[in-house]
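Accompanying notes for the structure given below.
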Amino acid sequence: IKTQVGIIGAGPSGMVLANWLKKHDIDAVVIELRSREYVEGRVRAGLVEQNTKDILKELGLDARMKKEGIVHDGVYLSFDEERVHIPFGELTGGRTITIYGQQEITKDLTDAWLQEGGELHFETMATKIVDFDTKRPKIHFEKDDEEGILECDFVAACDGFHGIGRKTLPKKSFHSYDITYPFSWLGILANVAPSTDELIYAYHENGFALHSLRSETVSRLYVQVDNDESVDNWSDDRIWSELSQRLAAPGFDLEKGPIFEKSITPMRSHMIDSLRSGRLLLAGDAAHIVPPTGGKGMNLAIADVKHMVDAFVAYYKTNSEKLLDTYTNDALRRIWRAQDFSNFMTKLFHKQDAHGSFTYRLQKAKVDYLKVSKAYRTTIAENYVGLPFESFK
Ligand code: FAD
Ligand code: DHB
């Protein structure tokens, strides 16, 4: 197979890239390890930032999100059962977030790509990336026990944390940074109307909890658990009991309902400081992981793709390699901002040390400050909805 940009991975970053390149008449072929059913059924993030909404709109792929997504103009931050409201629109000049499942975005992008005749090979594993220091890199792949080669001008590794993109970068070309947090999230989906109109992030002496949602009839909630926990130890009753305690506030009642999905996600920060080697470029989870508090993972993956598209368009339309050369630094400025914000939100709302300890007092001091300072509320609001691309120029 031959193309201009060979894309590994049909997650949000890979599929935004494919559709965006098509708009500029740049050819791409996508290779995806898993089946279509698996990719579309994978339950992950749900928070869509303003920039991501703008990108999907520009691509003409936001029709279903506009219809089914739920726009939120604020968020509740709860500490020891006391809530502070952060109104986004007022603090950020009208920017908002939308709640719409990542797998729905991926489905919309995949449908559009296939309808336009785009080439996408499911159940096809990229096994090796070679010759990326030449003008004709190649992706070796396996499908149904047969081997093939995708020859391209550039390889876009959008293949997530466990993909081969990062492993292929020459070891000496980057530094990596890792934090493993001493807690995980147990996430559930339940058939029950959300008990809140906007998301609630809560610190409680039992640990962190988050109330999110998916629709008028489906709620998405998370509780902080130990890293060695198993979902088997968490009956529905135990989950609802912890959620009710941790999300408690005067006059608030948590509605309970049948839980139909439970999974545990470890929390880590991972970074590398180079996203490119020759004609191999990385985007999204392939290059960075943020802890989920703040909902940045998917948004960051799609933001990387914006810089990648700018670089490919400049190359193909004006024969300039300038934006390829600045790709890493252009993307890294936003990624570090999101790493800091995700780390900040994680530390602010998780139980890290004994309730009443020095660490707890610092957490509480920050939330107390939030109550009195519009500047501090604005800092949270502008990071939460995502800073505009122009801010990082
Ligand atoms: P991915 O979505 O991981 O896509 C990469 C794709 O590449 C996958 O489809 C994979 O199958 C494919 N692939 C991998 N290797 C190969 C190969 N060798 N050949 C071909 N294809 C390959 N973020 C939040 O903000 N909130 C959350 O609640 C949240 N929950 C999460 C839960 C889980 C279990 C995980 C793993 C992530 C979660 N995230 C969350 C993070 C967010 O979902 C990711 O940041 C986002 O998916 C990144 O998109 P991506 O396109 O870079 O990578
Ligand atoms: C969701 C996930 C997050 O990590 C977050 O910060 C907010 C919402 C969600 O799945 O809806």
Side-chain angles (χ1 to χ4, degrees), residues 45 47 74-86 91 176-188 196 198-212 221-230 233-234 238-239 241-250 252 254 264-271 288-297 300 335-384:
L47 192 161
V75 64
Y76 296 102
L77 304 179
S78 172
F79 202 89
D80 287 346
E81 306 190 5
E82 197 184 336
R83 282 191 199 164
V84 184
H85 185 248
I86 310 282
L91 297 172
S176 61
Y177 309 84
D178 283 284
I179 297 177
T180 306
Y181 297 88
F183 35 74
S184 300
W185 277 13
L186 166 63
I188 62 156
T196 177
E198 289 172 347
L199 270 56
I200 310 166
Y201 291 75
Y203 169 88
H204 185 273
E205 95 173 84
N206 289 11
F208 170 81
L210 168 60
H211 191 331
S212 183
L221 299 108
Y222 301 90
V223 278
Q224 173 183 350
V225 296
D226 289 341
N227 279 343
D228 56 3
E229 271 294 356
S230 149
N233 298 333
W234 286 82
R238 182 176 177 202
I239 292 173
S241 158
E242 277 301 323
L243 284 166
S244 302
Q245 291 179 66
R246 297 183 192 191
L247 293 166
F252 175 77
L254 183 68
I264 292 185
T265 309
M267 311 265 288
R268 64 164 85 86
S269 304
H270 172 77
M271 249 329 243
H288 42 77
I289 297 289
V290 292
T293 334
K296 291 283 163 229
L300 213 46
I335 300 167
W336 276 119
R337 177 91 303 284
Q339 285 285 10
D340 176 50
F341 181 65
S342 306
N343 179 275
F344 165 83
M345 288 288 282
T346 300
K347 291 191 161 174
L348 190 51
F349 290 105
H350 286 74
K351 187 173 180 187
Q352 303 176 67
D353 201 347
H355 188 68
S357 64
F358 187 78
T359 304
Y360 160 82
R361 299 271 165 202
L362 292 183
Q363 290 170 262
K364 181 164 167 42
K366 287 191 181 66
V367 177
D368 285 342
Y369 180 45
L370 204 52
K371 289 184 215 156
V372 300
S373 166
K374 186 176 178 191
Y376 206 31
R377 289 196 293 277
T378 305
T379 292
I380 294 205
E382 70 183 9
N383 278 278
Y384 195 85

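The structure displayed is predicted, hence computed values, not measured ones.
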- Can you check side-chain hydrogen bond (donor to acceptor under 3.5 Å, both in side chains) on Trp336 and His288, steps first, answer last? CA-CA 10 Å; Trp336 276 119; His288 42 77; over 6 Å; no
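- Evaluation of the side-chain hydrogen bond (donor to acceptor under 3.5 Å, both in side chains) rule for Tyr181 yields Ser269, Asn343 as partners, not counting sequence neighbours.
- The line from CG of Asn233 to CG of Asp226 is 10.5 Å long, rounded to the nearest 0.5 Å.
- Looking at residues two or more places apart in sequence or on another chain, you find no ring pair (Phe, Tyr, Trp, His ring centres under 6.0 Å) involving Phe252.
- Within the structure, the salt bridge (Lys or Arg N to Asp or Glu O under 4.0 Å) test picks out the following pairs touching residues 353-370 (sequence neighbours left out): Lys364-Asp368, Asp368-Lys371.
- Contact check for Phe183 versus Glu229: no side-chain heavy atoms found under the 4.5 Å cut-off.
- Thr293 is linked by a side-chain hydrogen bond (donor to acceptor under 3.5 Å, both in side chains) to Thr346, counting only residues two or more places apart in sequence or in another chain.
- By the side-chain hydrogen bond (donor to acceptor under 3.5 Å, both in side chains) test, Ser184 pairs with Asn227, sequence neighbours left out.
- Between Leu77 and Val367, every side-chain heavy-atom pair lies at or beyond the 4.5 Å cut-off.
- Between Gln352 and Phe208 there is no side-chain heavy-atom pair separated by less than 4.5 Å.
- Counting only heavy atoms from C-beta outward, the side chains of Lys347 and Gln363 never approach each other to under 4.5 Å.
- Remark: Asp340 engages Arg337 in a side-chain hydrogen bond (donor to acceptor under 3.5 Å, both in side chains) (not counting sequence neighbours).
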